[in-house]
2 protein chains.
Amino acid sequence: MTYFCGMYEKKIPVELECGLHVFMEVISGKWKINLIWCIHSGIIRPGELHRRIPRASRRLLDTQLAQLTSLGIITKTVFSQKPAKVEYALTPLGKSLIPVIAVTAKWGEANRPLLEPLLQLPTPTLVQ
Amino acid sequence: MTYFCGMYEKKIPVELECGLHVFMEVISGKWKINLIWCIHSGIIRPGELHRRIPRASRRLLDTQLAQLTSLGIITKTVFSQKPAKVEYALTPLGKSLIPVIAVTAKWGEANRPLLEPLLQLPTPTLVQ
DNA sequence: TCCTATAGGGCTGAATTTAGCCGTACTTGA
DNA sequence: TCAAGTACGGCTAAATTCAGCCCTATAGGA
């Protein structure tokens, strides 16, 4: 099992105090929820996924797919044909995530009119 | 209204394609869900919050509280006493977030036994 | 006077994530 | 032969977030 440039060992310990953090650790990553949702919708091959999420680089999509795979959210099946063919699928754990994501998405859509303009604005921050 | 070191204008546009992203933009930040949950539980003053979340720096807690305030998730009331006194409270929008957070936390707790060990492991990544 | 508590900010550097370029190897179809 | 598709990885630099130190000012109590 090859994993891109490498594996990265965190230097700051992961925060898992409560279930909230567990959930966040799993889905944080710019395109992970899209990927999960696409796979759930039947978009299961790397190329298809990239066409569906064109704003992301193939590079990053591959990495985040690998992260989801290493957490047991999705599985990756490699068909040893020429040319190679790859398919992703949700595991039972991944499927259990679907209704949770649906709830959060519903909240986001309901409050989009309010929040979208605010989220474009500059944010309070530490730097500068 | 003073906002710490400054306001930061993002150079990479925010992703708000679907409700999932709206939700993620609101709560991503290392301690935001803790802060929201604590305020919901009646921990409403900066000092109390810091004692409740001691692993976070006061600095970062203040910043994330300011971010939540600027999005209308919480309100900040400054009592002009000596010494000053500050209280936070959830807005209706913030309160609407509570059941959503509860759902995600429930999922996280249910799958903690499975995921906690995996999340400690090195992650597939681009660098190195 | 000194220690504590209240609330807030300046500053530096590290850690982490993302963007975006390029190249490999193979196969099919025009 | 050439373009386009399949899938994968090397590499650099930017963007973004976070850690952790320092400081101010006020007031109360020992």
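Lettering follows sequence order; numbering is per chain, from 1.
- Contact annotation: B:Lys11 does not reach the phosphate of D:dA13 (side-chain N/O to OP1 or OP2, under 4.0 Å).
- Among C:dA7, C:dG10, C:dT18, the nucleotide with an atom closest to any side-chain atom of B:Ala84 is C:dA7.
- Evaluation of the side chain to side chain donor-acceptor pair (under 3.5 Å) rule for B:His21 yields A:Asn34 as partners, not counting sequence neighbours.
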I'd like a table of donor-acceptor pairs (distance under 3.5 Å, sequence neighbours excluded) in which one partner is a side-chain atom from residues 87-101 of chain B, with atom names and distances.
unit_1	atom_1	unit_2	atom_2	d
B:Thr91	OG1	B:Gly72	O	2.6
B:Thr91	OG1	B:Ile73	O	3.1
B:Thr91	OG1	B:Leu93	N	3.3
B:Thr91	OG1	B:Gly94	N	3.1
B:Ser96	OG	A:Trp107	NE1	2.9
B:Ser96	OG	B:Leu93	O	2.6

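- Separating the CG atom of A:Leu119 from the P atom of D:dT16 is a distance of 14 Å, rounded to the nearest angstrom.
- Every residue meeting the ring-ring contact (aromatic ring centres under 6.0 Å, His included) condition with A:Trp37, not counting sequence neighbours, appears here in chain and number order: A:His40.
- Taking side-chain N and O atoms only, A:Lys85 has no distance below 4.0 Å to OP1 or OP2 of C:dC26.
- The separation between B:Leu61 atom CG and D:dC18 atom P is 11 Å, rounded to whole Å.
- Between the CG atom of A:Asp62 and the P atom of D:dC11 there is a distance of 17 Å, given to the nearest Å.
- Remark: C1' of C:dT18 and CE of B:Met24 are 15 Å apart, rounded to the nearest angstrom.
- One finds no side-chain N or O of B:Lys10 lying less than 4.0 angstrom from the OP1 or OP2 phosphate oxygen of C:dT18.
- If you find the closest nucleotide of DNA chain C to B:Val78 and to A:Pro13, the one lying nearer the 5' end belongs to B:Val78.
- Between B:Met7 atom CE and D:dT17 atom C1' the separation is 16 Å, expressed in whole Å.
- The side chain of A:Lys30 lies closest to C:dT18 when the candidates are C:dG10, C:dT18, D:dG10.
- The side chain of A:Ile12 lies closest to C:dA15, out of C:dG8, C:dA15, D:dA15.
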Do A:Glu109 and A:Lys106 pass the salt bridge (charged side-chain N to carboxylate O under 4.0 Å, His left out) test, and can you show the C-alpha distance, the side-chain angles, and the key distance before you say yes or no?
-> CA-CA 5 Å; A:Glu109 285 304 342; A:Lys106 191 175 167 190; over 6 Å; no
Enumerate the protein-to-nucleotides 27-30 of chain C contacts in which both atoms are nitrogen or oxygen and the separation is below 3.5 Å.
none

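- Residue-level contact check: A:Gln64 touches the backbone only, with heavy atoms under 4.0 Å from sugar-phosphate atoms and none from bases.
- In this structure, CG of A:Leu60 is placed 16 Å from C1' of D:dT12, rounded to the nearest angstrom.
- Nearest to the side chain of B:Arg59, among C:dG20, D:dC21, D:dT16, sits D:dC21.
- For residues 26-53 of chain B, no pair satisfies salt bridge (Lys or Arg N to Asp or Glu O under 4.0 Å), with sequence neighbours left out.
- What separates CZ of A:Arg58 from P of D:dC8 is a distance of 7 Å, to the nearest Å.
- In the region residues 31-57 of chain A, proximity to DNA chain D at under 4.0 angstrom, judged on heavy atoms, holds for A:Arg45, A:Pro46, A:Gly47, A:Arg51.
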